[in-house]
Amino acid sequence: MEGSLSKSPFRIAVLISGGGTTLKNFLRQIDTGRLPVEVAVVISSSSQAKGIRFAQQAGIPCEVIRRPQFDSQDAFSRVIFDRCRQANVDLVAMAGFLKRITIPEDFINRVTNIHPALIPAFCGEGMYGHHVHEAVVEYGAKLSGCTVHFADNQYDHGPVILQQAVPVLDGDTPDDLAGRVFEAECEAYPEALRLLAAGRVKVEGRRVRIAPA
């Protein structure tokens, strides 16, 4: 993304696979006026995802697109991004989406993800959810946190938009750390979306520049 994505309203698609806690946080912040975006469509990779009910309760179109229905990752991805184009979204926000997708040219730097660690630490294939927090505690790291980044076609690799650190305390279990990191995620991801909606984000190679307000 060179330049700005900003226009009104700033429309996003949200991709989920499970509980939908990140989607729920987005919707709560939208309802209170703190997040100036419109969730135009929710796409779930599972018909059993609990997050589907949050979309339904908010009156947001929600579609289930399951990976086993398709012969390839590319075919699966084409259907997802075709639906995003139909919804005329500015951005696709991955929110606990656990299926790998192929990002097409017209969505480069228009797909975001949040990772529950400080990339480039504790990231890559197989590093998601509780696996991350277990690895951080086992390693003895003193800091962890979350990273909001543009997604590309490698795991946890795209340009970093923002990061928020949290301490790893003596005696922390992975569950303790997960709760602390999730609190940071609930602040960091909406903040990244606010910056994007305001047109303040510019990508220069691997660097993301944030323009002043």
Side-chain angles (χ1 to χ4, degrees), residues 1 4-6 10-39 42 51 54 89-98 109-124 127-133 135-137 141-152 155-169 172 174-204 206-213:
M1 178 191 64
S4 133
L5 287 174
S6 179
F10 190 82
R11 292 166 62 84
I12 69 171
V14 180
L15 274 52
I16 65 172
S17 291
T21 50
T22 298
L23 171 63
K24 183 179 180 181
N25 180 47
F26 290 168
L27 296 175
R28 182 169 54 241
Q29 296 216 17
I30 290 168
D31 285 345
T32 58
R34 291 180 291 165
L35 183 56
V37 307
E38 176 186 347
V39 179
V42 172
F54 299 132
V89 302
D90 299 285
L91 188 83
V92 176
M94 300 174 72
F97 191 71
L98 299 179
N109 294 334
R110 292 176 58 202
V111 181
T112 56
N113 185 46
I114 190 160
H115 182 72
L118 299 175
I119 291 174
F122 304 104
C123 65
M127 277 290 183
Y128 61 90
H130 217 65
H131 300 291
V132 175
H133 307 303
V136 170
V137 170
K142 300 300 184 185
L143 282 177
S144 191
C146 61
T147 302
V148 185
H149 64 99
F150 287 111
D152 61 14
Y155 285 109
D156 303 326
H157 177 264
V160 171
I161 302 169
L162 61 82
Q163 294 180 301
Q164 188 162 326
V166 303
V168 183
L169 304 179
D172 265 353
D175 284 341
D176 295 330
L177 181 58
R180 196 174 305 120
V181 170
F182 182 68
E183 289 180 5
E185 291 181 24
C186 287
E187 297 175 1
Y189 213 164
E191 175 60 17
L193 295 181
R194 281 190 285 270
L195 293 170
L196 287 156
R200 293 174 56 194
V201 175
K202 185 176 182 180
V203 182
E204 298 175 351
R206 282 207 54 83
R207 293 189 175 223
V208 172
R209 308 289 189 185
I210 307 296

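Position 1 is the first residue of the sequence; numbering continues from there.
- In this structure, Thr147 contributes its side chain and Ile119 its backbone to a donor-acceptor pair below 3.5 Å.
- To the nearest 0.5 angstrom, Lys24 atom NZ is 10.0 Å from Cys186 atom SG.
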Please walk me through it: do Gln29 and Asn25 pass side chain to side chain contact (heavy atoms under 4.5 Å, CB included)? CA-CA 6 Å; Gln29 296 216 17; Asn25 180 47; 3.5 Å; yes

Could you give me the CA-CA distance, side-chain angles and deciding distance for Met94 and Val111, then say whether side chain to side chain contact (heavy atoms under 4.5 Å, CB included) is met? CA-CA 7 Å; Met94 300 174 72; Val111 181; 3.8 Å; yes

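- Between atom CG of residue Asp176 and atom CG of residue Leu169 there is a gap of 8.5 Å, rounded to the nearest 0.5 Å.
- For Asp175 and His130, the side-chain atoms include at least one donor-acceptor pair closer than 3.5 Å.
- Smallest separation of non-hydrogen atoms from Gly158 and Arg206: O-NH2, 3.5 Å.
- The heavy-atom pair separating Ala151 from Asn113 by the smallest distance is CB-CB, 4.4 Å.
- A donor-acceptor pair under 3.5 Å is absent between the side-chain atoms of Ser144 and the main chain of Ala117, judged by distance alone.
- Between Leu162 and Leu195, the closest side-chain pair of non-hydrogen atoms falls below 4.5 Å.
- Closest of all the heavy-atom pairs between Ala184 and Val166 is CB-CG1, 3.8 Å.
- The heavy-atom pair separating Phe150 from Leu196 by the smallest distance is CZ-CD2, 3.8 Å.
- Note that CD1 of Ile16 and CG of Leu23 are 6.0 Å apart. Values are rounded to the nearest 0.5 Å.
- The main-chain N or O of Glu38 is never found under 3.5 Å from a side-chain atom of Arg11 such that the two would form a donor-acceptor pair.
- Under a cut-off of 6.0 angstrom, the local environment of OH in Tyr128 is sparse, with at most 12 non-hydrogen atoms contributed by other residues, nucleotides or ligands.
- Looking at Arg180, its side chain does come within 3.5 Å of a backbone N or O of Pro167 through a donor-acceptor pair.
- Summarising the geometry of Arg194 relative to Pro36, their closest heavy-atom pair is CG-CD, 3.7 Å, with the distance given to 0.1 Å.
- Two residues are said to be in side-chain contact when any heavy atoms from C-beta on lie closer than 4.5 Å; Leu143 and Val168 fail this criterion.
- Looking only at distances, no side-chain donor or acceptor of Arg209 sits under 3.5 Å from a matching main-chain atom of Val203.
- His149 places no side-chain N or O within donor-acceptor distance of the main-chain N or O of His115, the cut-off being under 3.5 Å.
- Tyr189 places a side-chain N or O within 3.5 Å of a backbone atom of Thr112 that can act as its donor or acceptor partner.
- Inter-residue side-chain proximity for Val14 and Ile12 is flagged as met; some heavy-atom pair is nearer than 4.5 Å.
- The two atoms that bring Pro116 and Gly129 nearest to each other are CG-N, 4.3 Å, heavy atoms only.
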Check against side chain to side chain contact (heavy atoms under 4.5 Å, CB included), Asp152 and His157: CA-CA 7 Å; Asp152 61 14; His157 177 264; 2.5 Å; yes

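- Around CZ of Arg207, the count of heavy atoms belonging to other residues, nucleotides or ligands within 6.0 Å does not exceed 12.
- In this structure, Val208 and Lys202 have side chains that are not in contact, with every pair of non-hydrogen atoms separated by 4.5 Å or more.
- For the pair Leu193 and Phe26, the minimum side-chain heavy-atom distance is below 4.5 Å.
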Test side chain to side chain contact (heavy atoms under 4.5 Å, CB included) on Glu185 and Gln164; report intermediate values, then the result. CA-CA 8 Å; Glu185 291 181 24; Gln164 188 162 326; over 6 Å; no

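- Not one N or O on the side chain of Asp156 forms a donor-acceptor pair closer than 3.5 Å with the backbone of Cys123.
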